[in-house]
Protein chains: 2
Amino acid sequence: MAVMARSDQRPVTVHMIAEHVGVSASAVSTVLADRHEERRLAPATVEKIRKAVRDLGYVPNVAARRLRAHDPEVHHIELGILTSFEAPLFLVSRVLRQVQRMADARTGPGRNFSVSIAMFHAGRLREMAGLLNASRFNGVVITNTLPEDDAFLATTTLPYAVVVLGRRLPNYCCVLDTPGESGRRAAEILLGRGCRRPVVLTPALLTQSTAERAEAFCTTVRAQTGTEPARVVAEGFTPTHGADALRAHLGAGRGCDGLYAVTDGLALGAYQAIKDAGRTIPKDIAVVGVGDHEHADFFDPPLTCVGPSNETIVEQIVTQLFDLMNRRRVKPRETFVPPSVAMRASA
Amino acid sequence: MAVMARSDQRPVTVHMIAEHVGVSASAVSTVLADRHEERRLAPATVEKIRKAVRDLGYVPNVAARRLRAHDPEVHHIELGILTSFEAPLFLVSRVLRQVQRMADARTGPGRNFSVSIAMFHAGRLREMAGLLNASRFNGVVITNTLPEDDAFLATTTLPYAVVVLGRRLPNYCCVLDTPGESGRRAAEILLGRGCRRPVVLTPALLTQSTAERAEAFCTTVRAQTGTEPARVVAEGFTPTHGADALRAHLGAGRGCDGLYAVTDGLALGAYQAIKDAGRTIPKDIAVVGVGDHEHADFFDPPLTCVGPSNETIVEQIVTQLFDLMNRRRVKPRETFVPPSVAMRASA
DNA sequence: GCTTGAAACTAAATCGATTTAGTAATTTTG
DNA sequence: CAAAATTACTAAATCGATTTAGTTTCAAGC
C-alpha cells in the first residue's frame, strides 16, 4: 500500500528509504543513480527500492549531492542577481550577461562560476532562503527592491559580496543612476527646441527614480520659464495607461507642445494618444523618454531619450562585485553614473 | 607576508586556514560568522584568522554551508529555468513567473521552493555544472537549445524532472508550439484580405521555428495561388536588419502588398522600411507578425500576430514539471500547442 | 589551599548523499 | 573437493562548514 508523503513531515532521506525497505543506504543510492546493473543488485531489491522511493515521495537534497559530487580540485563560485518578481528583466538580463562574461574570463581549470537570476517577492527579500546565512551565493547584485527590502538590508550587513543597484544604502556598495540629472536634461532639451507648454507624464505610483525625474524636470522648467509644467498622471505604467491619461489631457483641450514621459512604456502609449489626436511628433508635440525600453530606437518616430547609461552602470556593478569578492576593496561606497542622451527624431 | 591564492591550487577550506594559523577549524568558523565576541576568542587570534582568510583568498563552499545550515524539518526544492545565454528572456521570464506562482501555491511550513534562471552558452549545455549529476536542481525547464544541445540531451536522460520547451526530444516531456500552423494561418490571413504579392521576411540564420513558419507560409501560398511568394532575407534578426532587407527589396521595385515577418523584431524594422518608402500599413502592405515582442500591441499600427499561445504553453510546461516531480506521470510525451491569432490593425 | 569562574580555546557530531573497500553466501571450475 | 569466482549486498569514509559540549589554563574569592 502506498504511504503518501505528507508535507508536514520531515523530508524523506535516502536513509529513511533504506530503513523502510530493510536495506542499506548504499543500496538505495545505487538504485537512485541507476547503477544497480554494474553493482549487481538483485532485480527484486531494485523494484522494492523503486517502489519505496515513489511511495515515500523522495526528493533529493541537492546541497548534499553537490557537496559530495563536486571535484575538490575546482573552486565553484555562485553568483546571483536578485531582483523582484514584479520587476521587468530588461536591465537585469544585461547585468547577467555582463557578469557571465566576466565570470567566463576568470574561469579556468580550477575555477568555475555559476551565475543565476533569483527572484524575490517585492518587499519580502528578507524571506529569501539562504540570504542571511550566506548559504546560497558567494556574491550578489540586488536590484528592484522596495522600501521594506531596503530597510531590511540597512539593518543587516550581508556577510558576502553585495552590490546594490539603484538604491542608496550606507552599508553596501551602491551603483546609482542620476534621475534628477535626467529630468533636468530632458527639460533643457524640450525648452531648447522652443516648447512653451511642457507636460510631464508619470504613473500614479511613483518609484524613487520616476519621482526624482519628474521633480527635477518641473524644477528646471519653473526656473527657466517661471511657470509650472502640467503633470499628467497615468493610472499604471503600461502603454495603455499612458495612452488613456494623455488622451484625457489632450481631449480636455489643455495645451501641450512637449512631453517628458518618465518611462518609455508611458511614452509608447503617449505616441498613440498624440497620433489619435491628429498631432505629429515632434512638430506639434516633442517627446522625450528615458531609454528603458528595448526598442526605443524603433518607435515611430524614434524616441529621444535621456536616461541611465546602462552600459556604464552594468560595467560598474560587475567590476565592483568582483573587487569585493577578491577583497580588493571592502569599504562600501556610492557610485553615481550620469545619464546618457540619445537624440533621435522625437525631440 | 601575504600568501596569494593561485587559481591552479586547491580551493582554500576552513580547515586549511585553521592549519595555517595554528588554531582549530571551529575558531575559524566562529570568526567567519562574526561570532567571536560571544564565543570570546582573543582579539589577537581573531586578527590572525582574519588576515589568513584574506591572504589565502578564502571563498566559502556554499553547498557545504547549505547542507549544514538548512532546517531538517523543511524540504528545500530547487527549480531551474535553463536558457541559452544568447537568447532573449521574454518567454523565459513568463515561465519563471508562472513556475514561481505554482511553487508559491505549494509552499508551506515544511516545503520551500527556489526558482532561478540559469544560463548556458548556446551549444554548450552539457558543460553546465551539476546538470548530469543532478546536484543543482530538482527540476528544470530547458529552452533555447541549439542542435548540439539537443544531441547531447537525446543521448543522456537526465535523472530528474525535465520539461523541454520548443524542441522535440523523444526521451523528454516536450511542449511545442506549431510554427507550421502559424505560417499557414498567416498566409490565409494575407490571402484572405486579397494580397496578390505576399512576401516573407526571414533572418539569414533560420531557427527550427522560423524555418517552419516560412516553409508553411510558402507552401500555403503556392497551394492557393500557384506562385511562390518572394523571400526577403535579413542579415540578422534585429529591427535594423529587417529594415535594411525590406528597404532593398522595395527599392528594387519588386512588388509587395503583404508581408509575413517570422519574428516581430523583423516586423518592427519592416514598418520603418515601409513607411520610409511612402507606403501605408495595411492599405498598401498588410503585415503579419508572430507576437514574440512585448509590445506588438503598440506598434503603429498595432501588429496582427499569429503565433505561439504563450499563456497556454507556459501553463502546460509548469503543470508537466510539477507532475513529473510528483511522479504522477513518468512517460515522456509531446504536447503541441496551437497558435493563437490576434487580429489587429496591420492586416 | 581549595573551590569557583571566566577566558580561550578544541574535539567530535552533524547535515544528506555517494563511493570505496570489503564481507558473507553461494556457485562454478580445475 | 578445495580454490576461485560470482552474487548481493553493507560499513565506513568522505565532501566542507557549523555547532554543541566539553577541556585546559589562569585568576579571583573565601
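So you know, we letter chains A, B, ... as the sequences are listed, proteins then strands, and number each from 1.
When rounded to the nearest whole Å, the span between CG of B/Leu32 and C1' of D/dT19 equals 14 Å. Atom CZ in B/Arg35 sits about 7 Å away from atom P in D/dT20, given to the nearest Å. Rounded to a whole Å, the CZ atom of B/Arg65 is 14 Å from the C1' atom of D/dT19. The CG atom of B/Asn138 sits 10 Å away from the P atom of C/dA17 (whole-angstrom rounding). We find that CZ of B/Arg136 is positioned 19 Å from P of C/dA17, with the value rounded to whole Å. In this structure, B/Glu19 atom CD and C/dT10 atom C1' are separated by 15 Å, rounded to whole Å. In this structure, CZ of A/Arg66 is placed 17 Å from P of C/dG16, rounded to the nearest angstrom. Rounded to whole Å, the distance from CD1 on B/Ile49 to C1' on C/dT10 is 12 Å.
Contact annotation for B/Thr13: backbone-only contact, meaning every heavy-atom pair under 4.0 Å involves sugar-phosphate atoms and none involves a base. The residue A/Val28 sits apart from the nucleic acid: no heavy atom pair falls under 4.0 Å. Counting non-hydrogen atoms under 4.0 angstrom, A/Ser135 reaches nothing in the nucleic acid. Within the nucleic acid shown, A/Ser26 comes within 4.0 Å of at least one base atom, counting heavy atoms only. Residue-level contact check: B/Arg40 touches the bases, meaning some heavy atom is under 4.0 Å from a base atom.
For B/Tyr58, no side-chain nitrogen or oxygen approaches OP1 or OP2 of D/dG16 to under 4.0 Å. Here A/Thr45 reaches the OP1 or OP2 of D/dC9: one of its side-chain N or O atoms lies under 4.0 Å away.
Summary of the strand contacts: B/Leu41 and B/Asp71 both lie near DNA chain C, and taking for each the nucleotide with the nearest heavy atom, the more 5' one is attributed to B/Leu41.
Judged by distance alone, with hydrogens and angles left aside, the side-chain atoms of A/Thr30 form a donor-acceptor pair with the main-chain N or O of A/Ser26 at under 3.5 Å. Between the side chain of A/Glu78 and the backbone N or O of A/Asn138 there is no donor-acceptor pair closer than 3.5 Å. A distance-only check finds no donor-acceptor pair linking the side chain of B/Arg333 to the backbone of B/Cys174 [under 3.5 Å]. For A/Thr156 (side chain) and A/Phe152 (main-chain N/O), a donor-acceptor pair under 3.5 Å exists by modelled atom type. The backbone N or O of B/Ala69 lies less than 3.5 Å from no partner atom in the side chain of A/Asn133, so there is not a single donor-acceptor pair.
The cationic atom of A/Arg106 (NZ for Lys, CZ for Arg) lies less than 6.0 Å from the six-membered ring centre of A/Phe322 and within 45° of the ring axis.
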Please tabulate the protein-to-nucleotide N/O contacts below 3.5 Å involving nucleotides 13-15 of chain C, giving atom names and distances.
{"from": "C/dT14", "atom 1": "O2", "to": "B/Arg68", "atom 2": "NH1", "distance (Å)": "2.7"}

Under the criterion side chain to side chain contact (heavy atoms under 4.5 Å, CB included), I'd like the reasoning laid out for B/Leu131 against B/Phe120: C-alpha separation, chi angles, the key distance, then a yes or no. CA-CA 11 Å; B/Leu131 199 69; B/Phe120 57 90; over 6 Å; no
One pair to check against side chain to side chain contact (heavy atoms under 4.5 Å, CB included): A/Asn61 and A/Arg66. What are the steps and the verdict? CA-CA 9 Å; A/Asn61 179 322; A/Arg66 194 120 76 99; over 6 Å; no
With side chain to side chain contact (heavy atoms under 4.5 Å, CB included) as the test, would you mind laying out the steps for B/Ile142 and B/Leu158 before giving the verdict? CA-CA 11 Å; B/Ile142 301 182; B/Leu158 296 178; 4.2 Å; yes
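For the helix from C/dG1-D/dC30 to C/dG30-D/dC1, the angle separating the two terminal helix axes comes to 70°, with each axis derived from five pairs and the value rounded to 10°.
You'll find that the side chain of B/Val14 is closest to D/dA17, out of D/dA17, D/dT20, C/dT19. Out of D/dT19, C/dT10, C/dT18, the shortest distance to the side chain of B/Ala27 is found at C/dT10.
More than 12 heavy atoms of other residues, nucleotides or ligands lie within 6.0 Å of CD in B/Glu38, so this atom counts as buried by the packing criterion.
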